[in-house]
Novice: 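After the structure tokens below, expect a handful of questions from me.
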Amino acid sequence: DQQVKQNSPSLSVQEGRISILNCDYTNSMFDYFLWYKKYPAEGPTFLISISSIKDKNEDGRFTVFLNKSAKHLSLHIVPSQPGDSAVYFCAASAGYGGATNKLIFGTGTLLAVQP
Amino acid sequence: DAGVIQSPRHEVTEMGQEVTLRCKPISGHDYLFWYRQTMMRGLELLIYFNNNVPIDDSGMPEDRFSAKMPNASFSTLKIQPSEPRDSAVYFCASSLQGFVEAFFGQGTRLTVV
């Protein structure tokens, strides 16, 4: 059973508009959440994270929102750029770091930003 | 540092053959992870090592899968015998401190026909 779900396999957005990628989780023990970005033929790279003590974390054009009651998080990219076209993975962990706090990944959402 | 290096980048093999995937972690990293990416299940952790010792292999799907880390700079993931359902992209990652700060290699795309 998928503990981290990304229900949209793909998303297409016009350059300059907002991209919103969604992620749902089922395990209430998760308290640290991350987004990874993956270009074709490359490995995933860390993008942004959020702890459960916050409901928003912002880094430049990227903002992650966490709604703990709904067990939902989202990644907003504003404005979207063609270079943002990639697969985005949501991941969750019960605790930060350490040797035992495994990352559970979603299935990914392919974002295509049209020029 | 060149990052995490995986080889080969692509592997096509016939069902029943043995496949060995290789990984060189970033120098100084104590943790090494093997992940598998599929469309249906996303990125799944197969096994991870700390200081060359396997810590958790509960993600290894079957006994056909095995992994070793004979030294701090090298790890292998072996599938014997391979099956078409093993077709996926396999990633190796390494880190200084656990899961959340891991750096991923470029992956090995395995196709079993």
Side-chain angles (χ1 to χ4, degrees), chain A residues 1-10 21-27 29-52 57 64 73 86-111, chain B residues 2-11 21 23-26 29-60 88-110:
Chain A
D1 186 32
Q2 286 284 121
Q3 297 184 67
V4 176
K5 301 178 183 179
Q6 295 177 256
N7 292 320
S8 298
S10 63
L21 295 93
N22 295 303
C23 178
D24 298 295
Y25 61 96
T26 58
N27 189 337
M29 297 298 292
F30 289 151
D31 59 2
Y32 192 70
F33 306 89
L34 308 91
W35 286 94
Y36 284 77
K37 180 177 182 178
K38 182 187 174 306
Y39 290 118
E42 294 185 11
T45 56
F46 170 74
L47 183 59
I48 191 170
S49 64
I50 188 167
S51 164
S52 60
N57 188 27
V64 57
L73 65 155
V87 175
Y88 290 79
F89 288 99
C90 171
S93 172
Y96 171 85
T100 59
N101 299 321
K102 296 180 186 180
L103 279 183
I104 307 299
F105 286 85
T107 51
T109 296
L110 174 62
L111 173 65
Chain B
V4 177
I5 300 173
Q6 292 186 244
S7 64
R9 293 294 309 279
H10 301 274
E11 176 80 34
L21 311 182
C23 175
K24 182 182 188 315
I26 294 173
H29 282 190
D30 294 330
Y31 289 87
L32 184 138
F33 310 90
W34 281 101
Y35 285 90
R36 178 171 69 174
Q37 182 197 354
T38 61
M39 291 291 290
M40 292 299 294
R41 301 179 69 84
L43 275 163
E44 299 176 279
L45 177 71
L46 300 177
I47 185 171
Y48 77 96
F49 297 81
N50 181 213
N51 292 321
N52 312 338
V53 176
I55 303 300
D56 187 339
D57 65 354
S58 60
M60 299 283 261
V89 182
Y90 291 81
F91 289 101
C92 176
S94 70
S95 76
L96 282 170
Q97 292 184 356
F99 288 85
V100 298
E101 297 179 357
F103 291 84
F104 284 77
Q106 293 180 297
T108 295
R109 180 174 294 277
L110 173 65

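Below, all heavy atoms of this structure are taken into account, side chains as well, without hydrogens, waters or symmetry copies. All chains are named by letter (A, B, ...) in the order of the sequence lines, taking the proteins before the strands, and each is independently numbered beginning at 1.
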Novice: Can you say whether B/Glu44 sits under 4.5 Å from chain A via the side chain, the backbone, both, or neither, judging by heavy atoms?
Specialist: neither
Novice: So which part of B/Ser58 gets closer than 4.5 Å to some heavy atom of chain A, the side chain, the backbone, both or neither?
Specialist: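 Interface part for B/Ser58: side chain.
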Novice: Among B/Asp56, B/Val89, B/Leu43, B/Leu45, which has the most heavy-atom pairs under 4.5 Å with chain A?
Specialist: B/Leu43
Novice: With a 4.5 angstrom heavy-atom cut-off, could you sort out which part of B/Arg109 is near chain A: side chain, backbone, both or neither?
Specialist: neither
Novice: For chain B, find which of A/Leu34, A/Thr107, A/Val4 contributes the most heavy-atom pairs closer than 4.5 angstrom.
Specialist: A/Thr107
Novice: In sequence, state the C-alpha distance, the side-chain angles, and the governing distance for A/Phe89 and B/Gln37, and then conclude on side chain to side chain contact (heavy atoms under 4.5 Å, CB included).
Specialist: CA-CA 11 Å; A/Phe89 288 99; B/Gln37 182 197 354; 3.4 Å; yes
Novice: Closest heavy-atom contact between A/Pro44 and B/Phe91?
Specialist: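 Closest approach of A/Pro44 to B/Phe91: CD-CE2, 3.9 Å.
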Novice: Does any heavy atom of chain B fall under 4.5 Å from the side chain of A/Leu103, the backbone, both, or neither of them?
Specialist: both
Novice: Would you indicate whether B/Phe103, at its atom CZ, is surrounded by more than 12 heavy atoms from other residues, nucleotides or ligands within a distance under 6.0 Å?
Specialist: no
Novice: Quick one: are B/Phe99 and A/Ser93 in side-chain contact, heavy atoms under 4.5 Å?
Specialist: no
Novice: Any chance you could measure A/Phe105, atom CZ, to B/Tyr35, atom OH, to the nearest 0.5 Å?
Specialist: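 It comes to 4.5 Å.
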Novice: Tell me, side chain or backbone of A/Tyr36 under 4.5 Å from chain B's heavy atoms, or both, or neither?
Specialist: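 Only the side chain of A/Tyr36 comes within 4.5 Å of chain B.
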Novice: Give the minimum heavy-atom separation between B/Arg41 and A/Gln2, together with the two atoms involved.
Specialist: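 The answer is O-OE1, 3.6 Å.
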